[in-house]
Trainee: 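Structure below; questions to follow.
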Amino acid sequence: MTLTPALFPALISAIAETITEQADAVTELDQAIGDGDHVFNLQRGIQALQAAAPEISGLDWPAAWQKIGMLLMSSVGGASGSLYATLFINLAKNSKDSTLSVVEFARLFDLAVTAVKQRGKADAGEKTMLDVLIPVAVKLQQDAAAGLTLAEIYADVRASAEAGVAATRDMLATKGRASFLGERSIGHIDAGAKTAQLMIAAVSSVLAQAGE
Ligand code: ADP
Ligand code: MG
């Protein structure tokens, strides 16, 4: 089966659902080492994407990603808004054509995560969303190159996102607002890593249900 942006309404609904369900828990994390607005920021973006979902579902992937990136740029405040906008705009920018294999998506995702690293001047181990995005990008490329089934890839991606978010607990924050706390940032999970993991899990389960 081919995965097309026709799936977008289901994907964004699943994302909205998991973020709403976990909103209080994530806000608690963000209040501990951030300024507590992360869920609110994301929800503004999710609402903008839900409103545009009928239009996005009729586009091809590069146009859909570009539209998603632009909407996130204009609707989400905070550091996370420009970082997610960068992710999607770079998916669009590096796309060669509108048909998408797993190997091609893995390549695009890796390039997009590299662009997020550059935008945030951050890397793995700094207690941010990148501690989820980077291991997921690596795992996707390994699994795609090894020719694993989609079901195996979704399971691996979910597991590496979970391991990534858990690892942020013991990290010292060196980027973003949490870095202002220095050593006191240690012992708390990063809110942006948590929402990245929740969204990746939601996307993986919708895609897994959509079939091979
Ligand atoms: P703000 O920090 O501006 O209030 P949000 O609350 O929406 O923005 O997002 C905070 C999240 O963004 C953090 O939890 C972290 O995961 C991520 N983040 C912050 N700064 C960076 C950065 N330089 N690189 C990557 N991710 C970052
Ligand atoms: Mg914030």
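Just so you know, ligand 1 is whichever comes first in the structure, and atom 1 is the first atom listed for that ligand. One is the number of the first residue; the rest follow in order along the sequence.
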Trainee: At what distance is the nearest protein heavy atom to atom 6 (O) of ligand 1, and which residue and atom is it?
Mentor: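 Heavy-atom neighbour on the protein nearest atom 6 (O) of ligand 1: Asp37 OD1, 3.0 Å.
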Trainee: Give the single entry among His38, Arg119, Glu126 that approaches atom 10 (C) of ligand 1 most closely by any heavy atom.
Mentor: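 Among His38, Arg119, Glu126, the closest heavy atom to atom 10 (C) of ligand 1 comes from His38.
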Trainee: Test Ile200 against Leu133 for side chain to side chain contact (heavy atoms under 4.5 Å, CB included), laying out the working first.
Mentor: CA-CA 9 Å; Ile200 286 167; Leu133 298 179; 4.2 Å; yes
Trainee: Take Leu130 and Lys117 through the test side chain to side chain contact (heavy atoms under 4.5 Å, CB included) and record every step on the way to the result.
Mentor: CA-CA 7 Å; Leu130 285 167; Lys117 286 161 68 169; 3.8 Å; yes
Trainee: I'd like to know if the side chain of His38 pairs up with that of Thr27 as donor and acceptor (distance under 3.5 Å, no hydrogens or angles considered).
Mentor: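 Judged by distance alone, the side chains do not pair up.
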Trainee: Would you say ligand 1 has an N or O under 3.5 Å from any N or O of Gly78?
Mentor: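 No, Gly78 has no N/O under 3.5 Å of an N/O on ligand 1.
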Trainee: Run the contact test for Arg177 against ligand 1 with a 4.0 Å cut-off on heavy atoms, strictly below, and give the result.
Mentor: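 In this structure, Arg177 qualifies as a contact of ligand 1 - some heavy atom is under 4.0 Å.
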Trainee: Gln141: which residues meet the side chain to side chain donor-acceptor pair (under 3.5 Å) condition with it, sequence neighbours left out?
Mentor: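 By the side chain to side chain donor-acceptor pair (under 3.5 Å) rule, Gln141 matches no residue at all.
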Trainee: Output yes when Asp35 and Arg177 qualify as a salt bridge under the 4.0 Å nitrogen-oxygen rule, no when they do not.
Mentor: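 So Asp35 pairs with Arg177 through a salt bridge.
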Trainee: In ligand 1, which numbered atoms sit nearer than 4.0 Å to a non-hydrogen atom of Ser80?
Mentor: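 Answer, ordered by atom number: 5 (P), 7 (O), 8 (O), 9 (O).
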Trainee: Could you list the atoms of ligand 1 found under 4.0 angstrom from a heavy atom of Gly176?
Mentor: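 Counting atoms of ligand 1 from 1, those under 4.0 Å from Gly176 are 19 (C), 20 (N).
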Trainee: Give the other cluster members for Leu181, using side-chain heavy-atom distances under 4.5 Å between Ile, Leu, Val, Met, Phe, Trp and Tyr residues; answer none if it is isolated.
Mentor: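 Ile33, which link up through side-chain heavy atoms under 4.5 Å apart, make up the rest of the cluster.
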Trainee: Quick one: look at Thr128 and ligand 1, take heavy-atom pairs under 4.0 Å, and tell me if it's side chain, backbone, both or neither.
Mentor: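 The part of Thr128 near ligand 1 is both the backbone and the side chain.
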Trainee: Among Val203, Leu207, Leu140, find the one that has a side-chain contact (heavy atoms from CB on, under 4.5 Å) with Val157.
Mentor: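 Exactly one candidate clears the test, Leu140.
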Trainee: Among all protein heavy atoms in this structure, tell me which lies nearest to atom 17 (C) of ligand 1, with the distance rounded to 0.1 Å.
Mentor: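 Ranked first by proximity to atom 17 (C) of ligand 1 is Met129 CE, 4.0 Å.
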Trainee: Geometry only, no angles: is Lys127 polar-contacting ligand 1 at N/O separations under 3.5 Å?
Mentor: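 Lys127 vs ligand 1: no N/O contact under 3.5 Å.
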Trainee: Are Val116 and Met171 in one and the same hydrophobic cluster, where Ile, Leu, Val, Met, Phe, Trp and Tyr link if side-chain heavy atoms are under 4.5 Å apart?
Mentor: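 Cluster IDs for Val116 and Met171 differ.
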Trainee: Looking at Gly192, which atoms of ligand 1 are within less than 4.0 Å of one of its heavy atoms?
Mentor: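 Checking each atom against Gly192, I get 14 (O), 16 (O).
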Trainee: Near the Mg ion (ligand 2), which protein N/O/S atoms fall under 2.8 Å?
Mentor: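 Those protein N, O or S atoms (cut-off: under 2.8 Å from the Mg ion (ligand 2)) are Asp35 OD1, Asp37 OD1.
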Trainee: Name every donor-acceptor pair, under 3.5 Å, that has one atom in a side chain of residues 101-114 and the other anywhere in the protein, sequence neighbours excluded.
Mentor:
residue	atom	partner	partner atom	Å
Ser101	OG	Glu104	N	3.0
Glu104	OE1	Arg107	NE	3.0
Glu104	OE2	Arg107	NH2	3.2
Arg107	NH2	Asn94	O	3.1
Thr114	OG1	Asp110	O	2.9

Trainee: Side chain of Thr168, backbone of Asp190: donor and acceptor closer than 3.5 Å?
Mentor: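 Judged by distance alone, yes, a pair lies under 3.5 Å.
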Trainee: Without hydrogens or angle criteria, can the side chains of Thr149 and Glu152 be said to hold a donor-acceptor pair below 3.5 Å?
Mentor: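 Present: a donor and an acceptor within the cut-off.
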Trainee: Among all protein heavy atoms, pick out the one at the shortest distance from atom 23 (N) of ligand 1; state its residue, atom name and that distance to 0.1 Å.
Mentor: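 Closest protein heavy atom to atom 23 (N) of ligand 1: Gly120 O, 2.9 Å.
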Trainee: Tell me if a side-chain donor or acceptor on Thr18 pairs with a main-chain N or O of Ala14 at a distance below 3.5 Å.
Mentor: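 The answer is no, because no donor-acceptor pair under 3.5 Å joins these two groups.
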Trainee: Out of Val76, Leu83, Asp190, Thr195, whose heavy atom sits nearest atom 18 (N) of ligand 1?
Mentor: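 Among Val76, Leu83, Asp190, Thr195, the closest heavy atom to atom 18 (N) of ligand 1 belongs to Leu83.
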Trainee: Could you pull out, from Ser82, Ala122, Ala79, the option with a heavy atom nearest to atom 24 (N) of ligand 1?
Mentor: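 Among Ser82, Ala122, Ala79, the closest heavy atom to atom 24 (N) of ligand 1 belongs to Ala122.
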